[in-house]
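These notes are about the structure you will find just below.
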There are 4 protein chains.
Amino acid sequence: MKVLMDLCVVPIGVGVSVSEYIAACQRVLKEASLKHEMHMYGTNIEGEWDEVMAAVKKCHEVIHKMGAPRISSTIKLGTRTDRNQTMEDKIRSVQQKLA
Amino acid sequence: MKVLMDLCVVPIGVGVSVSEYIAACQRVLKEASLKHEMHMYGTNIEGEWDEVMAAVKKCHEVIHKMGAPRISSTIKLGTRTDRNQTMEDKIRSVQQKLA
Amino acid sequence: MKVLMDLCVVPIGVGVSVSEYIAACQRVLKEASLKHEMHMYGTNIEGEWDEVMAAVKKCHEVIHKMGAPRISSTIKLGTRTDRNQTMEDKIRSVQQKLA
Amino acid sequence: MKVLMDLCVVPIGVGVSVSEYIAACQRVLKEASLKHEMHMYGTNIEGEWDEVMAAVKKCHEVIHKMGAPRISSTIKLGTRTDRNQTMEDKIRSVQQKLA
């Protein structure tokens, strides 16, 4: 089962600046060779369910190891059986309606 | 790694009434023997990361099998290393501040 | 326009324990006389769009005034035009499918 | 109070393809002259709280008028008092850690 995800990880208890933790999570996604694209309030990820979920778990593990005692993530998760849809397909179908 | 989750599954393409799909997901959680509590806009779940995530995957699989071609879930996901915290602990600590 | 909301406010930069901030937000909802029900990972709210949104804004303002320099909230927001649905209706329609 | 938002609107009861509704919401944001950037699973928005929230309400109203009987949106909402932060600042601070 393929999944399109939007992942937003919020480390708690490490002060107001959290960018180094977000950067560590980006490295996890890159090392997992998962297609991903960061935006201002999260990261879009595309891949097989198990691989994407393994990366999310590793993000939590790595950020805890860096010293964050608490993490609250918000995840949006899309699956579909009617057709195979990539990140690019999804954006394109809206842009075609806007043209 | 233990996780506290809030899971909200939205089936798309099956009309405006989605309660039978939500009910199917409740059955998945029950069969998985996961501690869970439904509220008006999702379900709180407590358990080991892998077991909770396996149940989320099964919810998507079961709802697709029921005929929903598309699902968009929103998940909140909390982990912490400083202490073990249950669903009840979390609510109690707010209620104590309100008393 | 009526709205059913699930509100989860996460204060950042105030350490690992955030329950006093959540409690302050509960007080805002109570003072606004909005129907609301706290759960383990957020608070369900029912009311008119403008009143509910005014309360969300006040939660952010109050929590900042308490000293939290940064807040990241996750909100789920449901509106419908086909029928009037309360918090209780929504839970009941799932429970009927489970019975 | 300035806000950085990630808005994801899901129309329910209009079939599996929802891109025309998302496009309508993009037009609302453009007409409101709000800084915004669509990604694969939502749209980042930056602006004053009241203006951004007015646009979110208008998105719901417009999508209902187009015929969608039900909408479930997921919103992430960030405010901070320690400093003024733009969408670009937020991405840049992560990218600097990755460099």
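Letters A, B, ... are given to chains in the order of the sequence lines, protein chains preceding strands, and every chain is numbered from 1. Here the structure is a predicted model, which means the values were calculated and not measured.
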Between chain A and chain B, identify all donor-acceptor pairs below 3.5 angstrom, including backbone and side-chain atoms.
from: D50(A); atom 1: OD1; to: K57(B); atom 2: NZ; distance (Å): 3.0
from: D50(A); atom 1: OD2; to: K57(B); atom 2: NZ; distance (Å): 3.2
from: K57(A); atom 1: NZ; to: D50(B); atom 2: OD1; distance (Å): 3.0
from: K57(A); atom 1: NZ; to: D50(B); atom 2: OD2; distance (Å): 3.2
from: H60(A); atom 1: ND1; to: T79(B); atom 2: OG1; distance (Å): 2.7
from: H64(A); atom 1: NE2; to: T79(B); atom 2: OG1; distance (Å): 2.7
from: P69(A); atom 1: O; to: T81(B); atom 2: N; distance (Å): 2.8
from: P69(A); atom 1: O; to: T81(B); atom 2: OG1; distance (Å): 3.4
from: I71(A); atom 1: N; to: T79(B); atom 2: O; distance (Å): 2.9
from: I71(A); atom 1: O; to: T79(B); atom 2: N; distance (Å): 3.0
from: S73(A); atom 1: N; to: L77(B); atom 2: O; distance (Å): 2.8
from: S73(A); atom 1: O; to: L77(B); atom 2: N; distance (Å): 2.9
from: I75(A); atom 1: N; to: I75(B); atom 2: O; distance (Å): 2.7
from: I75(A); atom 1: O; to: I75(B); atom 2: N; distance (Å): 2.7
from: L77(A); atom 1: N; to: S73(B); atom 2: O; distance (Å): 2.9
from: L77(A); atom 1: O; to: S73(B); atom 2: N; distance (Å): 2.8
from: T79(A); atom 1: N; to: I71(B); atom 2: O; distance (Å): 3.1
from: T79(A); atom 1: O; to: I71(B); atom 2: N; distance (Å): 2.9
from: T79(A); atom 1: OG1; to: H60(B); atom 2: ND1; distance (Å): 2.7
from: T79(A); atom 1: OG1; to: H64(B); atom 2: NE2; distance (Å): 2.7
from: T81(A); atom 1: N; to: P69(B); atom 2: O; distance (Å): 2.8
from: T81(A); atom 1: OG1; to: P69(B); atom 2: O; distance (Å): 3.4

Intermediate values then yes/no, side-chain contact (heavy atoms from CB on, under 4.5 Å), L77(B) and V9(A)
CA-CA 9 Å; L77(B) 196 65; V9(A) 175; over 6 Å; no
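Interface remark: V56(B) contributes backbone and side-chain atoms alike to the contact with chain A (heavy atom separation under 4.5 Å).
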